[in-house]
Each structure stands twice: as structure tokens, then as C-alpha cells.
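In this text, all values refer to a predicted model and were calculated from it rather than measured experimentally.
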Amino acid sequence: MLDAKLLRSDLETVAQKLKTRGFELDTAKIQALEEQRKALQTRAQELQAERNSRSKGIGKAKAQGEDIAPLLAEVESLKTQLEEAEKASEAVQAEIETIYAGIPNLPHESVPVGLTEDDNVEIRKWGEPKTFDFEVKDHVELSEQRGWYDNDAAVKVTSGRFSVLKGPMAKMQRALIQLMLDTHSENGYEEVYVPYLVNQDSLRGTGQLPKFEADLYKISKNDEHDTSDRDLYLIPTAEVPITNLVRDEILNEADLPIRMVAHTPCFRSEAGSYGRDVRGLIRQHQFEKVEMVQIVHPEQSHQALEDLTGHAEAILQKLGLAYRVVNLCTGDIGFSAARTYDLEVWLPGQAAYREISSCSNFEDFQARRLKARYRSKEGKPQLVHTLNGSGLAVGRTLVAVLENYQNEDGTITVPEALRPYLGGVEVL
RNA sequence: GGAGACGUGGCCGAGAGGCUGAAGGCGCUCCCCUGCUAAGGGAGUAUAGGGUUUGUAGCUCUAUCGAGGGUUCGAAUCCCUCCGUCUCCGCCA
């Protein structure tokens, strides 16, 4: 959520910046609503003040044993006026709230302007795309021929876009997770274990709701007598439960930065992605991910993004996987992000770089929704900045290892960094 | 799942329709005092929003006692729903 004060004071500038990311802000409507809001809110508050002072008067009169009947008569019409004014004021504020909740974050000035992923800017490359002196196979072929990957089994047990992994492949996934968590721990991230089902407040806090409900799996309580909105959602990323740990908190400045890491499964309905990456492990409804989150002082957040991106890169480097870092353009960054670097790993099976991590600085956009603040020694509570990044998407890392480390005979050489986690085995 | 108790500021804890944004204590900040330390005295110490304003200053108004509704001229206090915590019983990885 953007700062409402900024929207009031500098609406045109905000609209311009949003336009670079393809978002049209209806400034005329907002201005009109804000004017209404101001008038109605002032009116309601005046009436509240009136009621409060009169009620106090009644209390005093009563305490002195005076007749309060005439005072009550005076106040009679005030009540309905106040109710109407409050109702009108709340209605406009709710309308404004709804509009504001749907406005994406402002892109940071360093973000290249562009409309699609074609306008993203490559910042750097690491490693050379591997060349093979034989016909390379993609991860589906490689794993199916060994009986490690069974799409039909997944379809039988649940439905499409889920996977069943077996034997060495299942073990290698676990090994990758371990390697990632251990590496991030060394870089000062506290490992946390978090719920996989979260409430609406949490999803609002990180920005998945209200706009992206279609991408989420919702779990209903199925209790017809239950009038509360207790529906829970499967997490689309560990970002949600981890970042929400600081929701409604006022942190000590000395405790910043906070670095946390968790491995969780992630659940995405992948609405609107029919036909894309249908084959194999690239795009699944359920996948494993190791996620890093940082809660930082506002002045530190852009450095923190560089650090965090480096921490994700460290995994790829340990695994010896060639990748490039891409600065996402205004049209391609996510709803809540001010700035995002994608890490794209080289996949020989596709002869292309594919996204394996996304590292974002949200500045105070999430913090404002979350009411996540810190208190400096003297000062007032200030909003923190939040960041997160995959470190890494485990399923896609598995794909990358299989494809990059394949041998002509269909075996897979285990990357050295992974061997300690697989009992020292060198070839699978 | 059954039965009961409870939810108040950074923390502990009073308050049971009106003068309570909330006593008292702890903590914290500033000042005073005392060679140092300890103790003591004084003052201050929630968050958010609106209006005014060049202003994150000041003034002023409003809201907030787990959340949301209701009753009332007036609710921390009464009623309802929900969320959560604790105790006992049952069940359970």
C-alpha cells in the first residue's frame, strides 16, 4: 500500500510513475473521493465532539441531582444525525481503501522502464553455459528413464501439475534443501519453521490479497454455523508466513536487520498459465522453495537487496550452475515490489536461461499494510523495509542439476557441494 | 470435542455505565541532589487518523481497553458473535 498522504499531496507524480508499469490511476475519481472524504469525515467528527461534550454535561448534571430530561430531549436528534454522518464517512473511506489496496508499488528510480520481460536488463552473468559432445536430454527424459519421476502417478493420486519423485531424485531434492538452509544460516539467517496455511490478514499484509485470490488455494472450514471469515489459504510462498511475523510489531532499532530463512512447500493454482511449461517440474501446483526474508532499516534496504541477491547467487555458484542476473523492468516487477532482480539459471534441456530466484525490495509497501515498524532511541515508530528472495526454488534447482550434470549414459554426476548431503555418492 | 476461567498501555495490574486515554507499580527518558556506585527527589513517557499550517513543529478534534456488531444521551464496564489464552476431562502424531 502506498502512503495515503503521498496520494493526496502528489497524485499526478504517483500516477506518472505508475504509468511506467502499465497501471492507470484514475486521478479524477480519487480526487473527487478524497474531497468527499474530507467533508464527510470532518462532519462526522464534529458531531462526535458535540455528542461527547453533551454526554459529559448530562453526566455532570445527573451527578448533581439535576433534572436531565430537557438535556436528553436536546440531544435526541443528534444521535440519528451522527449515525448518518458516520455511515456516509465510513462508506467513502471504504471505497478509497479499496482503490488504494489495488494500487501497486512505485518502481524505484533504478528500475528500467519497459512493458514486458523483453525490456528486462541483464546485469551480469556467472559461469558459461555448459556444452556437451552428445545430444542433451531434458530433465523429464532424464528422470523418467531412470524411474525417478512419475507424472502419471501424480495424476492418479491428485491431478495434473503435481509430481511424484522417487529414490535418488527425491533424496537429491532433500539434499538441495539442506545445502541451501545451511548456506543461508552461515550468512546470518535464522532458520524458522512456519505454518503452511495462513489467514487473510497475512495475505493482505504481503499483498497477495485482495488482487490475486485466483492464484491461491483456499481451504474452507465447511462449518455452516461459522459466521467468521476463518477461511485459510495454502501459502504460495514462505514470504507470507515469514514476513507476517513482524505484522503489528514495533521492533527495536537495534534488532534490525532481521534475517530469516525457511524451507516450505508452496502452492499455486497457476490460474492463467494454461499451456505454459506443462511438461516436467518447471511449473507445478506444489513445489519446494527455500525463502529468505529480511526486515531492515529503511536506509539499508537497497544494500540489503544486493546482499540478499548475492546470498541466492551463492547457492548457484556452489552448485556450479551458470546463471545471469536480470533487473526486471517496470512492466515486469511484481505488484508489491519497488525493485526486483531475477536469477536465471542455464537449462541445457531448453537451451535457455530460466528463472530460479526472484529477489525483491518492497521498501515500505508491505510494511505499511503490515504495520511493521521499528522505534529508534528517541524517535517515533517508523515503517521498516521488507525484502525477500528465493534461495532457491528447489524444484527448478533439481531440474538444473539434472540437466547440467547429465552424462551421455544417462547418469547424473553429483555436484561436489551436494555430495556430503548424499553420503558421498559421486554419480547417480 | 465437553466444562469452566480469562483477554486493559513496553511489562505487571486496578477499574464493574458518566469527570477514565485509562489509578498504582516496574521499565524507559530528561532534570536535581549526593566524592564514585547504590539510594533519593521532580517532570515526562501509547498508536493512528482528520482539521489548521510552507511544515514530520504547535494547536485542536476524532478513534482505539483481543476483533466485529448491538443496547444507551453516554460503554473498558451491559448483550451477541468470533478470535485467542489458561485449567480440568476426552481424543490424538
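Partner assigned to G7(B) is C83(B), using Watson-Crick or G-U wobble distances below 3.5 angstrom. Under the Watson-Crick or G-U wobble criterion, with both distances below 3.5 Å, U37(B) has no partner in any strand shown. The pairing partner recorded for C65(B) is none, the criterion being a Watson-Crick or G-U wobble arrangement whose two distances lie under 3.5 angstrom. In this structure, U71(B) forms no base pair with any nucleotide, since neither Watson-Crick nor G-U wobble geometry is met with both distances under 3.5 Å. With both pairing distances under 3.5 Å, G90(B) is matched to nothing as a Watson-Crick or G-U wobble pair. Base pairing of G27(B) is made with U45(B), judged by Watson-Crick or G-U wobble geometry with both donor-acceptor distances under 3.5 Å. Using the Watson-Crick or G-U wobble rule with both distances under 3.5 Å, A57(B) pairs with nothing in any strand shown. As the counterpart of A16(B), no nucleotide is assigned, since no Watson-Crick or G-U wobble pattern has both distances under 3.5 Å.
Nucleotides C6(B) and C91(B) are separated by 28 Å at their P atoms, to the nearest Å. Taking the P atom of each, C11(B) and G66(B) are spaced 13 Å apart, rounded to whole Å. The C1' atoms of G17(B) and C65(B) are separated by 15 Å, rounded to the nearest whole Å. Rounded to a whole angstrom, the distance from the C1' atom of U8(B) to that of G4(B) is 22 Å. As rounded to the nearest Å, A63(B) and G2(B) have C1' atoms that lie 40 Å from one another. When the C1' atom is compared between G18(B) and U72(B), the two are found 12 Å apart, to the nearest whole Å. Comparing U34(B) with G40(B), their C1' atoms sit 9 Å apart, to the nearest whole Å. For the C1' atom pair drawn from G15(B) and U20(B), the interatomic distance equals 8 Å after rounding to whole Å.
By the 6.0 Å contact criterion, NZ on K211(A) is enclosed, its count of non-hydrogen atoms from other residues, nucleotides or ligands being greater than 12. Heavy atoms from other residues, nucleotides or ligands lying under 6.0 Å from CD of E83(A) number more than 12.
Atom pair Q93(A):CD and G51(B):C1' shows a separation of 13 Å (rounding to whole Å applied). Whole-Å rounding puts the K56(A) NZ to U20(B) P distance at 8 Å. Remark: C1' of G9(B) and CG of D248(A) are 15 Å apart, rounded to the nearest angstrom. Atoms NZ (K79(A)) and P (G70(B)) sit 11 Å apart, rounded to a whole Å. With rounding to whole Å, E97(A) atom CD is found 12 Å from G49(B) atom P. If you take CG of D3(A) and P of A48(B), they are 12 Å apart, rounded to a whole angstrom. One interatomic measurement links the two molecules: CZ of R247(A) to C1' of C83(B), which rounds to 13 Å at whole-angstrom precision. Rounded to an integer number of Å, the gap from CG of L82(A) to P of A75(B) is 10 Å.
Distances were taken from every side-chain heavy atom of K62(A) (C-beta onward) to each of C73(B), G18(B), U52(B); the shortest belongs to G18(B). Of the candidate nucleotides C61(B), A63(B), G18(B), G18(B) has the atom nearest to the side chain of I58(A). Considering only the side chain of P381(A), U47(B) comes nearest among G51(B), C61(B), U47(B).
Across all strands shown, K371(A) has no heavy atoms under 4.0 Å from either base or sugar-phosphate atoms. Heavy atoms of R368(A) sit nowhere under 4.0 angstrom from any nucleic acid atom.
A salt bridge between E291(A) and K289(A) is present, with a side-chain N of the basic residue lying under 4.0 Å from a carboxylate O of the acidic one.
The side chain of K60(A) contributes no N or O atom lying less than 4.0 Å from OP1 or OP2 of G18(B). Remark: R373(A) is in phosphate contact with A48(B), judged by side-chain N or O atoms under 4.0 Å from OP1 or OP2. Residue N52(A) places at least one side-chain N or O closer than 4.0 Å to OP1 or OP2 of U62(B). Contact check, R51(A) against A63(B): a side-chain N or O comes under 4.0 Å of OP1 or OP2.
For the pair I412(A) and W148(A), the minimum side-chain heavy-atom distance is below 4.5 Å. For the pair V399(A)/I282(A), a side-chain contact is recorded, criterion being any heavy-atom separation below 4.5 Å from C-beta on.
Each of A49(A) and G59(A) was matched to the nucleotide of RNA chain B holding its nearest heavy atom; the match closer to the 5' end belongs to G59(A). Looking at which nucleotide of RNA chain B each of E90(A) and K5(A) is closest to, the 5′-most match is held by K5(A).
Relative orientation of the H285(A) and F162(A) rings is tilted, given thresholds of 30° and 60° on the angle between their planes. In this pair, H297(A) and Y374(A) present their aromatic rings tilted. The plane angle is within the 30 to 60° band. In this structure, H108(A) and H302(A) have tilted ring planes: the angle between them lies in the 30° to 60° band.
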